[in-house]
S.K.: 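Please read through the structure below; I'll follow up with questions.
Chain letters run A, B, ... following the sequence lines, proteins first, then strands; residues in each count from 1. Just so you know, these numbers use all the heavy atoms, side chains as well, and skip hydrogens, waters and symmetry mates.
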Amino acid sequence: MIVLTALLLLLVVTLAFETGRRRAVTLAVDTPRSLHSRPVYHGAFVALCGGLPALFVLLVWLIAHAAVVEQLVLAQLPEALRGQQPERVALFLAEARGIASGHFENQRAAPELVAAAADFLRFSTFSLRLLPVVVLLVALAGFMASLPRCTPALRAQRRVEKILRALLAACSGVAVLVTIGIVLSLVFEAFQFFLRVPISEFLLGTHWSPQTAIRADQVGSSGAFGAVPVFAGTLLITAIAVLVAAPVGLYSAIYLSEYARARLRAVVKPALEVLAGVPTVVYGFFAALTVGPTLRTLGEQLNLSVASESALAAGLVMGVMIIPFVSSLSDDVIRAVPQSLREGSLGLGATPSETIRRVVLPAALPGIVGALLLAVSRAIGETMIVVMAAGLAANLTANPLEAVTTVTVQIVTLLTGDQEFDSAKTLAAFALGLLLFLVTLLLNVIALSVVRRYREQYD
Amino acid sequence: MNSAATKISTRGLNVFYGDKQALFDVNLDLRRNQVTALIGPSGCGKSTFIRCINRMNDVIEGCRVRGKVILDEEDIYCDDIDVVQLRARVGMVFQKPNPFPKSVYDNVAYGARIHGLADTPGELDEIVMTSLERAGLLDEVRDRLSDPGTGLSGGQQQRLCIARAIAVSPEVILMDEPCSSLDPIASARIEELIGELSENYTIVIVTHSMQQAARVSQRAAFFHLGAVVEEGETSRIFTDPSDERTRDYITGRFG
Ligand SMILES: Nc1ncnc2c1ncn2[C@@H]1O[C@H](COP(=O)(O)OP(=O)(O)OP(=O)(O)O)[C@@H](O)[C@H]1O
Ligand SMILES: [Mg+2]
């Protein structure tokens, strides 16, 4: 039914387009040169006037369909049933819907259930039959209404372009709306959390042990929600990862783009990109089973105590994971620097390395910062490697040889398993998420402004 | 011809871009402290030729150069030549202006800094100012020395590139259509500069303007389809060309 509606709509729109175009052409025959826009734009104008409202109706209908049908069924229910607790009514409706769609046996169902199911079937069939009619009527109405306005003087091109621009703006609006939605949901849950735990404790507390007691006399019964150690852990591991990935990634990008021959690059670049495709769980194995123990053995030889789960192991492996982000993107931006700049520098007697340092890298800097930033946000958001290799202990330490934990890991441990959704423990996850979001946002803003200032200077 | 008068000579120069040959057996002598103009229709290999003289073709992947280019009795394509040193001696102004994304000042100071030509900031200022002055740009950019060089107009950018090249005082200056985006006044300034420079430097200039070639150069070479068709004193080439293709070109019958 929906496919049919869409096809019919397409037909009407095509018809509208042709009619509008023809009309413009005929009008133009009488008074040549006076047509404000080319005939296609008249066609497009009529088509849009018919198609857009109809499409809007179609979408709204599809979204509202289920809810409306449910309300209608509800209205038919006997008073006794409707007066029940909301959960029971919902359950009843769900069962009726199940029977209506043939998922459940209806032989042994209660008669009122069968009646409700029949209502469901009736209303929803009606709604779906009505849909194409309404949509077509709307389309035709728009078409008819716009046709008389299709005169030679109509600034069809400008109108069409205005409508298209609005559509494009709406599309980019979707991304913004989704972001706002995510933030709002985080804010709401985080607010619940801050009702239980003071915000100052969360932001400034240096102790993180998010259990709530089952019995009042338990050890650590109070729970502690100081987020500082958790964020410190994220910071430490991310810093280690960037220390690994930034030089390695950047230098390999420079090698690939400036020194490597085309044939070598064709092999090495995809090979580096494979690193990005390795599942993070596999990196986790590698960190926990290979890098961690190796570091500990090394540490023993140097008389250092290295925890078997250490920030260093996780950070190193995470650094390896984000190398391809840095190298591949930086390689692209470095290669986008015009060859003429390199030649200009070489032609003045600069060596290739001077050329890279003084001309190529500064010109590519905005892109390189972007690549690094992307890598950093990957590192901050990475969870698996840290769970497996850095441990769960929320130590507040700057020593990379100890176990630490990160924001993402804590969120996962707080939310997995059976949880009550209104305990401070669970809600803490949302507060952490919100703060993490704000931190990465801040990071992005800073980086963008750095890039912009740089652009202003050299563009 | 005596060798003291010859700064650069090429012998059996063949250049290939991949499988495509762009220069065929070019033998040309460029005289010391003279201006040599290279003329010829588009795509005939003028840029390719002058890029051989400072080994700029090395940076193009797939470009092969065969034959000899002798600068002061030394083959610059032999193994023990230092390409970087060579390019400091043989400066180049490219066909398309290519200022660095740096300030006007830093653009001109670039070469001088790299080669350590100035010991004090004062000396560097001196080099930058004289170079801009000689390129006829100083008056226009005096208050904008710290603005980005890429923000100048096309013609200003071209003069900036000329200033940048002469700031390192090369022995030879290769100019690939240095006036292609200049107005007559700025062109005249550059021609004047070329005249001044030729007292101490050897200059090779590619130009599509016959009048310009006639005005600035002492010698001229006519390129056609990757080969030198004719070469000699400018006055003779323009008044009494011996090859029919040269005559057709300078009288504007093709090219
Ligand atoms: N990088 C390159 N790769 C492949 N072929 C090239 C390259 N550069 C030049 N060529 C070819 O070599 C020939 C000579 O080119 P060149 O740039 O030397 O011509 P030109 O005389 O400078 O022309 P113009 O007056 O238009 O600048 C042309 O056929 C051109 O297509
Ligand atoms: Mg050229």
S.K.: Can you tell which part of B:R51 gets under 4.5 Å to a heavy atom of chain A, answering side chain, backbone, both or neither?
M.R.: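 Contact with chain A is through the side chain of B:R51 alone.
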S.K.: Is any side-chain heavy atom of A:K162 less than 4.5 Å from a side-chain heavy atom of A:R158?
M.R.: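 No; the side chains remain at least 4.5 Å from each other.
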S.K.: Run through B:T207, B:I162, B:V35 and flag the one making a side-chain contact (heavy atoms from CB on, under 4.5 Å) with B:M175.
M.R.: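 The residue from B:T207, B:I162, B:V35 that satisfies side-chain contact (heavy atoms from CB on, under 4.5 Å) with B:M175 turns out to be B:I162.
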S.K.: Give a yes-or-no answer on whether the side chains of B:N33 and B:E199 include a donor-acceptor pair shorter than 3.5 Å.
M.R.: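 No, B:E199 and B:N33 have no side-chain donor paired with an acceptor closer than 3.5 Å.
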S.K.: Please look at B:V83 and chain A and tell me whether the side chain, the backbone, both or neither of the residue comes under 4.5 angstrom of a heavy atom of that chain.
M.R.: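 No part of it gets close to chain A.
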S.K.: Are side-chain N/O atoms of B:S47 and B:D176 paired as donor and acceptor at under 3.5 Å?
M.R.: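 A pair is found: one side chain offers a donor N or O, the other an acceptor, under 3.5 Å apart.
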S.K.: For B:P170, which atoms come within 4.5 Å of any heavy atom of chain A: side chain, backbone, both, or neither?
M.R.: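 Neither part.
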S.K.: Using only non-hydrogen atoms and a strict under-4.5 angstrom cutoff, which residues of residues 236-245 of chain A touch chain B?
M.R.: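 When heavy atoms of chain B are the reference, residues 236-245 of chain A contributes no residue within the under-4.5 Å range.
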S.K.: Between the side chains of A:S345 and B:Y110, is a donor N or O closer than 3.5 angstrom to an acceptor N or O?
M.R.: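 Their side chains do contain a donor-acceptor pair, which is all the 3.5 Å distance test asks for.
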S.K.: Can you tell me if B:Q95 and B:S180 form a side-chain donor-acceptor pair at under 3.5 Å?
M.R.: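 The answer is no; no qualifying pair exists.
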S.K.: Heavy atoms, side chains only, cut-off 4.5 Å: are A:L329 and A:L374 in contact?
M.R.: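 The answer is yes, as the side chains (C-beta and beyond) meet within the 4.5 Å cut-off.
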S.K.: If you check every heavy atom in residues 247-269 of chain A against those of chain B, which residues fall under 4.5 Å?
M.R.: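 Only A:R261, A:A262 of residues 247-269 of chain A have a heavy atom under 4.5 Å from chain B.
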S.K.: Check whether NZ of the Lys or CZ of the Arg A:R159 lies under 6.0 Å from the centre of the six-membered ring of A:Y41 and within 45 degrees of that ring's axis.
M.R.: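 A:R159 over A:Y41 ring: no.
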S.K.: Testing the 3.5 Å rule here: is there a donor-acceptor pair between the side chains of A:Q339 and A:R342?
M.R.: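 There is such a pair (donor and acceptor under 3.5 Å, judged by atom type) between the side chains of A:Q339 and A:R342.
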S.K.: Are side-chain heavy atoms of B:F16 and B:N14 found at a separation under 4.5 Å?
M.R.: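 The answer is yes, as the side chains (C-beta and beyond) meet within the 4.5 Å cut-off.
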S.K.: Give, as side chain, backbone, both or neither, the part of B:F100 having an atom under 4.5 angstrom from any heavy atom of chain A.
M.R.: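 B:F100 touches chain A through backbone and side-chain heavy atoms alike.
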S.K.: Is the NZ or CZ atom of B:R55 both under 6.0 Å from the centre of the six-membered ring of B:Y77 and within 45° of that ring's axis?
M.R.: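 Yes, cation above the ring, under 6.0 Å and within 45°.
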